[in-house]
Colleague: 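First the structure, then my questions, so here it is.
Reminder, nothing fancy here: chain letters follow the sequence lines and each chain counts from 1.
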Protein chains: 2
Amino acid sequence: MSKRKPKLYEPCPIARSVDIFGDRWSLLILRDAFDGNRRFGDIQRSLGVARNILSHRLRKLVDAGILKMQSASDGSAYQEYVLTAQGERLFPIVVALRQWGERHLFSCGERHSHLLERATGKSVPLMIPVARDGTILTPEAAYVEKVI
Amino acid sequence: MSKRKPKLYEPCPIARSVDIFGDRWSLLILRDAFDGNRRFGDIQRSLGVARNILSHRLRKLVDAGILKMQSASDGSAYQEYVLTAQGERLFPIVVALRQWGERHLFSCGERHSHLLERATGKSVPLMIPVARDGTILTPEAAYVEKVI
DNA sequence: CAGTATCCCTCAAGATACTG
DNA sequence: CAGTATCTTGAGGGATACTG
């Protein structure tokens, strides 16, 4: 990601999203946030990322309104990084990514982590786009209306 | 993404997904694929990406089983890049990304593209994770079972 | 048109030392 | 512990010329 174009006016929501998460670590930081990892050091150890990089990414996510800093809940003097309301709404993306990965990125006997419901202990149902009439929305049944 | 750790055994599906799309262009290429953009040159112009980079990304996506090359449908001698079945299952991720971006990355009067249903011309309902009992699955109601 | 090859440059990322 | 500062490296990316 160098020598980037100015990125003047980007009318595609996906393009703007990629501007925020389109790197090696941001989505993993968000995964950790949903898993309840709030402290700098915990995230750093969990990801194995260099601390200066983590510092940059956290700042970027805070600036984007996805995370916020607040005083640590355990009374220590330090800060925690927690999801904002806007950040919590990334849950569908994280779930969709995880479900796709669970299905397609592991060979048959290979073990991997699972997303489960706390209430039942069973796997979360596959998330699928639904149309207004309640049927499954296939890619062909949707289209993107471009702005002029 | 330099000096990467060997990435020996990565048990998290999101981490593996990020290994595939965790860059500036792959998600945009997939967006274009869902929009029906199949030709190298069309994608290149659409994204404004350098051709050598696009070449690399396309190969990576083909290697990952997300895209496949096939002869052009218009009878020309060239190839097209189209989604595989596995690639089509990325639709939820692309939709979730787009919906989140539509909602959070544009200021009030700012125009942006919209995802619509072909049948009705209306916007696609917001995709939300649902639990087995049919209720909305909140982040707190789910957890990740790690492998040992 | 659809790429590949080459060159160059920037910056993400890593390692480590340092500060409050 | 939670970062910041500094240095280094190399991969990602851009531009362009070239080939089938």
Colleague: Assess the side chains of A:S113 and A:R98: does a donor N or O sit below 3.5 Å from an acceptor N or O?
Modeller: yes

Colleague: Could you tell me which residues satisfy side chain to side chain donor-acceptor pair (under 3.5 Å) with A:T138, sequence neighbours excluded, listed by chain and number?
Modeller: A:E140

Colleague: What residues form a side chain to side chain contact (heavy atoms under 4.5 Å, CB included) with B:H114, not counting sequence neighbours?
Modeller: A:E145, B:E102, B:H112, B:L116

Colleague: Does A:S55 make a side-chain N or O approach to OP1 or OP2 of D:dG3 shorter than 4.0 Å?
Modeller: no

Colleague: Between C1' on D:dG13 and CG on B:L58, what's the gap in Å once rounded to a whole number?
Modeller: 15 Å

Colleague: What is the distance, to the nearest angstrom, from the CZ atom on B:R38 to the P atom on C:dC1?
Modeller: 19 Å

Colleague: Go ahead and write out DNA chain C as dot-bracket, 5' to 3': ( ) for pairs within the strand, [ ] for ones crossing earlier pairs, | when the partner sits on another strand, dots for unpaired; Watson-Crick or G-U wobble, both distances under 3.5 Å.
Modeller: ||||||||||||||||||||

Colleague: With heavy atoms under 4.0 Å as the rule, sort B:R57 into base, sugar-phosphate or nothing.
Modeller: sugar-phosphate

Colleague: List the residues meeting side chain to side chain donor-acceptor pair (under 3.5 Å) with B:D133, not counting sequence neighbours, and say none if there are none.
Modeller: B:T135

Colleague: Which nucleotide sits closest to the side chain of A:V49: C:dC1, C:dG14, D:dG14?
Modeller: C:dG14

Colleague: Under the side chain to side chain contact (heavy atoms under 4.5 Å, CB included) rule, collect the residues that match up with A:R118, sequence neighbours excluded.
Modeller: B:Y143

Colleague: Could you state the atom-to-atom distance from NE2 of A:H56 to C1' of D:dA5 in whole Å?
Modeller: 10 Å

Colleague: Look at the side chain of B:I53 and decide which nucleotide, out of D:dG14, C:dA2, C:dG14, has an atom nearest to it.
Modeller: D:dG14

Colleague: Whole-Å distance between C:dC1 C1' and B:Y81 OH?
Modeller: 12 Å

Colleague: Kindly give the cluster partners of A:I128, where membership spreads through any ILVMFWY side chain lying under 4.5 Å from a current member.
Modeller: A:L126, A:I136

Colleague: Provide, to the nearest angstrom, the distance between the CZ atom belonging to A:F40 and the P atom belonging to D:dA2.
Modeller: 8 Å

Colleague: Per the salt bridge (charged side-chain N to carboxylate O under 4.0 Å, His left out) rule, what does the pair list look like for residues 35-46 of chain B, sequence neighbours excluded?
Modeller: B:R38-B:E80, B:R39-B:D74, B:D42-B:R45

Colleague: Can you pull every protein N or O that's under 3.5 Å from an N or O on nucleotides 16-20 of chain D?
Modeller:
| unit_1 | atom_1 | unit_2 | atom_2 | d |
| --- | --- | --- | --- | --- |
| D:dA17 | N6 | B:R51 | NH2 | 3.1 |

Colleague: Which whole-number value in Å describes the distance from B:E80 CD to C:dG3 P?
Modeller: 11 Å

Colleague: Quick one: list whatever passes side chain to side chain donor-acceptor pair (under 3.5 Å) with B:S55, sequence neighbours left out.
Modeller: none

Colleague: Within the 4.0 Å heavy-atom criterion, would you say A:R59 contacts the bases, only the backbone, or no part of the nucleic acid?
Modeller: sugar-phosphate

Colleague: Can you check the A:Q79 CD to D:dT4 C1' distance for me, whole Å?
Modeller: 16 Å

Colleague: Taking the six-membered ring for Trp, are A:F91 and B:W100 closer than 6.0 Å centroid to centroid?
Modeller: no

Colleague: Under 4.0 Å: is that the gap between some side-chain N or O of A:R24 and OP1 or OP2 of D:dG12?
Modeller: no

Colleague: To the nearest Å, how far apart are A:I29 CD1 and C:dA12 P?
Modeller: 13 Å

